[in-house]
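Comments concern the structure below.
Being a predicted model, the structure only gives us computed values, none of them experimental.
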Amino acid sequence: MTIDSKPLNAFPALPEMDRREVVRFAALTAATGLAGSLAASASAQQTDAPPRPEAPEIDGVEWNKAPCRFCGTGCHVMVGVKGNKVVAIAGDREADVNKGLLCVKGYHVGSILYGADRLTEPMLRKNGKLEKISWEEAVDIAARKVMDAGQGFGLYLSGQSTIPEGYIGQKLMKAGLSNNHIDANARLCMASAVTGFISTYGVDEPASCFDDLENCDVLILWGNNPAEMHPVLWSRVIDRVARGEKVKIIDIGTRRTRTTEHADMHLSMQANGDLAIANAILHILVKEGKVNEEFVSKHCSFRASHNAEGLSHPLVHDEFTARLAERGAGGLKGTAIDRKDFEELIDYYTPERCSEMSEVPVEQLRELAALFADPTLRITSLWCMGVNQHTAGTAMNNMIHNVHLISGHWGRPGDGPQSLTGQPSACGTVREVGTLAHALPGGRLVANDGHRADCEARWNVPAGRIASKPGYHTVKMFEQFSKPTSEGGDISAVWVQVTNPGQSLPNTKKLINGVKAQSDKFLIVSEVYPTATTELADLVLPAAMWVEKDGVVGNSERRTQQWFRMVDPPGQARDDAWQLIAVSRRLFELGHAGLRDKDGNWLFQQLDENGQEIEIWKWDVWKANHFDRNFFEEYRPFTVLKHKNVAPYDLLVEKRGMRWPVVETSPGEYRETRWRFVEEDDPFVGEGARFAFYHSTSGDDRAQIWFRPWEPSQETCEDEFPLMMSTGRVLEHWHTGTMTRRVPELARAMPGTYLEMNRKDAADRGISNGEMVRVVTKRGSMKLPVWLGGRAEPRRGHVFVPFFDEAQPINELTLDAIDPYSKQPDYKKSAVRVERLADPKGGTQ
Amino acid sequence: MPVSGLVLLLHPDQPLSPLLDALERHPDLMIAEPVERRVPLVADTRDAQHDKEVWGWLRARPEVLDVAVALIHDDSRNA
Ligand code: SF4
């Protein structure tokens, strides 16, 4: 392709530039520089990167780095501040993740600070109304509620909580309150990825990284729509396509999306078809002798579970599961089986049978298997909530690892499975700090005696302080909170930070909406804007957000990223970390014994260089300092046990993130790891081993290939509810829309939610585009406008509804069934019917 | 009054002259010399709505595979 070199209306010479012209000039310089550096990096080697540019120059604007506030891609932005206000955002060309690119959400990230209805003062509900109170009063009330509730208190954090915030919350709950009822919203989006990684490799988080996108020959998207959900990662792929490189893109899902537009092959499956597709691949590889014998014999073992606590296949595997049950081990560890057992089990999953289960044609199943059978190709798999939000989410995660392991498509650049996360620190905070009911920092478990003892020693608290029984996972915590005390609802107070469960929980009517009517339940919410959750709250604490506070987060490729506070939060809004600290201090003052360490000191005590205590619970002291460094450095040694060594804070200040394990190669010199368990790159793999899964559950450095039977979904279509609904996200809005709906451009671009339907299904029902319909599930009904032939289209028998719209909270209707291992809910398979209204504009009924 | 620095990534199979002509004629855009398949440009718009319209116009062009953001400056919002 060539471009005519005709004269263009390039930016005119500006001898006397006015202020706006200066800005335009800076914008053009940035765009030209980005175009140049993208072109250069397209042809450069990793080690031969193009020169790094300076930040754009705009009069009076000071630039600093920060990761984008939104998705788990973790793009870095340059934030331009003038007069205590964010006035400009530029893609950060020093960042490997995005190389200067941003998507439309990143483009507007500065605006999320400036919605007109920011919460600026603490508020307490009195006689049904939220009324302003002082911070002193708010902290005291919160502390007394926590104290009174005892083991009836739950802390609900987020994949948007920073690492220091998560660490403080974790320490407060587990070391201070001896209470394991701490969980995070990441339970709703990636818990099945965690259980998938742990059961396969013995340790959580991807072994590969985003560099695979530049190195793969085949990209398989398992129920994943990166064109809308992880647009910058998608740009990295599309950029290769635009350069004429051959990347075969395979899109597997229940909808045609913007991603499908670029796909070479679309496997249109019926909901729940994914396990059948993956089993068909395994079957074909085994039957056709295409197992990578060298890789499997050296690096893999086989495993199955009789699924004592979960689902079991009702049709063909009863005899086998009974045999497994006799051997004892079930659950996430399962039971070792031999290759012959595995082949016997997989024999059932013929392409023809899997085609019936998935409704994907046999030829496509064979074509997909043929790619895995070709050892010369490099295959990357991406997946996110389409796989994880599944009652068989753990199993399906195992299956994606399986098809890579059994074919040996593992461990070379561009050749391996890479799961994605939706939030900026689902990995860094929830998975690594372990803000989950069963976890302790750095991959430790509350149920493990040694892990508890280790944490108690590090936190200098008495032996036995940390409770051994896992607390309530998200769905259980809110079930127990919304259930009346008289009926056994034993959670009486919950503190929510940086998330919006009033809109994001499944089956919200059951799990949270009822709380408001119960006078003996108390909901504390730290938030930046009014939300569906603050609507239910008894106490609202106004929070600082993004560059109004310091932060450290971890993205989907094990990259830990740091930023400093750049502007003041509005009004009385204060950091979430400070809020936890202030309440912890108040608990200490009120005499809560758990807030003392073995020496009688406050659990969060910080000393200055003279050994004097710093009063970090006082806002002006907190605000005048940067305590993130202290808490991050306190946390960092926890990461060594599972070889997740995060980089020192001061190094993160200099860098655009580093991927762990980060090891010191010589004094003061550190290197990151791109591919784990691979000798060439991972410093913990012994010489000559080539690959070593050194946290293997079988204790022999091997990964586990699981037999995972196809399972029917919890809800199936039937006469009364003939369509299958999945919920999800859209390009313009991030999750429940609390931030992006405050950005006028994004709100106008996508003002409200809708029901996406196949045009033939709509025609069968006489439904036309834009018509208001009623969508009905077993849990209730909701009126929605229908969008036909829009940017995406579900296959027949399926509908899709985005969940960003607070006015139409679709999660009132979603199923709250969970995966038996990960406890993650299935938002993708609620059986529904769609009814026409008497008045198609929705005025009546 | 947003000012944006954008980079258009162009489709390898589409003729480019019509796009470049349209970009040149667009009153709110200023373009710079393309670098391979990428066209750097500045969008200077009256307000957020106008900005959104320009963005939508760019995205709707068949020659445009992707629109990347290099910089956005907008000091018109309330702090
Ligand atoms: S891809 Fe994600 S992290 Fe990157 S700019 Fe867009 S929303 Fe932000």
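At a 4.5 Å heavy-atom cutoff, the contact between A:Val241 and chain B is made by backbone atoms alone. Within the 4.5 angstrom heavy-atom criterion, only side-chain atoms of B:Leu9, from C-beta onward, approach chain A. Residue B:Leu8 does not touch chain A at all, counting heavy-atom pairs closer than 4.5 Å.
Without hydrogens or angle criteria, A:Arg24 side chain to B:Asp44 main chain gives no donor-acceptor distance under 3.5 Å.
With sequence neighbours excluded, the residues that form a salt bridge (charged side-chain N to carboxylate O under 4.0 Å, His left out) with B:Arg61 are B:Glu63.
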From CA spacing to verdict: side chain to side chain contact (heavy atoms under 4.5 Å, CB included), A:Asp239, B:Arg38: CA-CA 10 Å; A:Asp239 200 56; B:Arg38 296 173 180 83; 2.5 Å; yes
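Open room surrounds CD on A:Glu62; 12 or fewer heavy atoms of other groups in view lie less than 6.0 Å from it.
The candidate with the highest count of non-hydrogen atom pairs below 4.5 Å against chain A, out of B:Leu6, B:Leu65, B:Leu41, B:Asp66, is B:Leu65. Options B:Gly5, B:Ala43, B:Gly56, B:Pro40 differ in how many heavy-atom pairs under 4.5 Å they form with chain A, and the most are formed by B:Pro40.
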